[in-house]
Student: 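Provided herewith is a single structure, encoded as structure tokens, for subsequent inquiry.
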Amino acid sequence: MSYETILTALADPTRRAVLDRLRRGPQPVGRIADDLPVSRPAVSQHLKVLLDAGLVSVRAQGTRNLYALVPGGAGPLGDWLGSLRTDPADAQPDSAVTDTAEGMLRRSLTTRLTPSEAWALFCDDLSIWWPVARVSLSAQSGGALPQIVTLDARPGGHLQEVLFDGSRGIWATVITARAPGYLQLDWRLETVGSSVVTVVFTPQDGGSRLTLTQDTDTTRTADLWDAVLDRFSAAANSSLSNF
């Protein structure tokens, strides 16, 4: 998502009030609308703008929808604001660990691919480059490596490995997918329980920037994403085989 879209979404005081309410945790629209000086339908429209800006996610729970803040959703705006105060001599390399909230992992890299091309490589062609020998359920168990890795990039779809015998291992479930800019996953690989991984593709001169955040920052998750993004970066610039 571009920083301009996020900046426009934050310009409205009601939308900022909605985000402040979501700091307390996931909530249905009725609870969000309580005591706000606008109608519930108006709050729903504001939530749609925040969803489109990548600042808020939504998931169904029974008969209602719960809205929640997206970890790192405002990252592109933060990156842009940071570029205004950074001395060029002190600038970080394109692929770098960047400061973020305590307990949250964040990685960012640039590529010559457009956002649409980067999205296709990350979502449709990940079997070409994903480091299955290091990052997979099979690698954890010491079994045979997967035949293929697939991502069904739509809400409720799975990121999974498929073995030669047809058995499957699910790594993550898609929460939100808005091609070619925003992907959010309920992530389970190399974590205790589950956590939220958000991948944002933003255009920039000569290509695009991929920003990845996870609401769990451990040595294992850091090693996982360093390995994954190293391979993605290589694949974005050359033909790369998994093996």
Side-chain angles (χ1 to χ4, degrees), residues 1-85 98-108 153-157 172-179 181-188 191-202 209-218 221:
M1 201 62 57
S2 69
Y3 75 83
E4 294 98 332
T5 302
I6 297 170
L7 199 59
T8 299
L10 294 177
D12 186 281
T14 300
R15 291 196 281 271
R16 296 198 300 272
V18 168
L19 293 174
D20 283 335
R21 286 170 182 249
L22 290 176
R23 292 176 188 268
R24 308 167 194 165
Q27 299 179 50
V29 64
R31 186 176 301 169
I32 297 170
D34 285 347
D35 302 324
L36 285 177
V38 294
S39 66
R40 179 171 170 171
V43 171
S44 295
Q45 290 299 312
H46 285 302
L47 284 167
K48 184 179 184 302
V49 174
L50 294 171
L51 282 165
D52 290 342
L55 297 172
V56 167
S57 65
V58 61
R59 62 182 174 87
Q61 185 179 77
T63 59
R64 62 181 185 172
N65 289 328
L66 292 182
Y67 295 86
L69 294 177
V70 170
L77 176 59
D79 290 343
W80 179 74
L81 291 172
S83 71
L84 296 179
R85 63 175 182 266
T98 55
D99 292 337
T100 188
E102 183 178 356
M104 180 178 291
L105 179 143
R106 181 180 174 88
R107 296 290 187 269
S108 182
R154 56 183 175 176
T173 301
V174 177
I175 301 171
T176 308
R178 292 193 293 274
Y182 184 83
L183 178 69
Q184 188 177 58
L185 303 169
D186 178 10
W187 189 266
R188 297 181 180 275
T191 62
V192 177
S194 64
S195 66
V196 176
V197 171
T198 303
V199 187
V200 179
F201 302 88
T202 53
R209 176 174 291 275
L210 181 156
T211 303
L212 181 145
T213 59
Q214 183 170 3
D215 61 2
T216 301
D217 187 4
T218 66
T221 56

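What's counted below: heavy atoms across the whole structure, side chains too, no hydrogens, waters or symmetry copies.
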Student: Answer yes when Asp20 and Arg16 have at least one side-chain N-carboxylate O distance shorter than 4.0 Å, and no when they do not.
Tutor: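 A salt bridge is absent here (no side-chain N lies under 4.0 Å from a carboxylate O).
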Student: For the side-chain contact (heavy atoms from CB on, under 4.5 Å) test, which of Ile6, Thr5, Val49 pairs with Leu55?
Tutor: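 Going through Ile6, Thr5, Val49 one by one, the side-chain contact (heavy atoms from CB on, under 4.5 Å) with Leu55 is satisfied by Ile6 alone.
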Student: Would you compute the distance between atom NE2 of His46 and atom CG of Leu19 and round it to the nearest 0.5 angstrom?
Tutor: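 That separation rounds to 11.0 Å.
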Student: Could you tell me the separation between the OG atom of Ser108 and the CG atom of Leu210, rounded to the nearest 0.5 Å?
Tutor: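 These two atoms lie 7.5 Å from each other.
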Student: Please name the pair of heavy atoms, one in Ala9 and one in Leu50, separated by the smallest distance, quoted to 0.1 Å.
Tutor: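 It is CB-CD2, 4.3 Å.
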Student: So which atom in Val174 and which in Ala153 form the shortest heavy-atom distance, rounded to 0.1 Å?
Tutor: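 Smallest heavy-atom distance, with atoms named: CG2-CA, 4.3 Å.
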Student: If I compare all heavy atoms of Gly72 with all of Met104, which pair ends up nearest, and what's the gap?
Tutor: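 Minimum heavy-atom contact is N-SD, 4.0 Å.
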Student: For the atom pair CD (Gln184) and OG1 (Thr198), what is the distance rounded to the nearest 0.5 Å?
Tutor: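 Interatomic distance, Gln184 CD to Thr198 OG1, rounded to 0.5 Å: 4.0 Å.
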Student: Locate the shortest heavy-atom distance separating Thr216 from Ser195; write the atom from each residue and the value.
Tutor: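 Thr216 and Ser195 have their closest heavy atoms at OG1-CB, 3.2 Å.
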Student: What I'd like to find out is whether the side chain of Leu66 reaches to under 4.5 Å of the side chain of Arg59, using heavy atoms alone.
Tutor: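 The answer is yes, as the side chains (C-beta and beyond) meet within the 4.5 Å cut-off.
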Student: Which atom pairs, one a donor and one an acceptor, fall under 3.5 Å between side chains of residues 28-41 and the rest of the protein, sequence neighbours left out?
Tutor:
residue, atom, partner, partner atom, Å
Ser39, OG, Ala42, N, 3.2

Student: Can you give me the closest heavy-atom contact between Pro155 and Ile175, atom names plus distance?
Tutor: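 Nearest pair, atom of Pro155 first, then Ile175: CB-O, 3.8 Å.
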Student: Count the heavy atoms of every other residue, nucleotide or ligand shown that sit under 6.0 Å from CZ of Arg154, and state whether that count exceeds 12.
Tutor: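 12 or below, so no.
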Student: Roughly how far, to the nearest 0.5 Å, is OH of Tyr182 from OG1 of Thr176?
Tutor: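 Between atom OG1 of Thr176 and atom OH of Tyr182 there are 5.5 Å.
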Student: Supply the atom-to-atom distance Thr14 OG1 to Leu47 CG, rounded to the nearest 0.5 angstrom.
Tutor: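 Reported value, rounded in 0.5 Å steps: 11.0 Å.
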Student: Measure the spacing between CG of Leu10 and CZ of Arg15 and express it to the nearest 0.5 Å.
Tutor: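 These two atoms lie 8.5 Å from each other.
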Student: If I compare all heavy atoms of Asn65 with all of Ala60, which pair ends up nearest, and what's the gap?
Tutor: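 Heavy atoms of Asn65 and Ala60 come nearest at OD1-CA, 3.7 Å.
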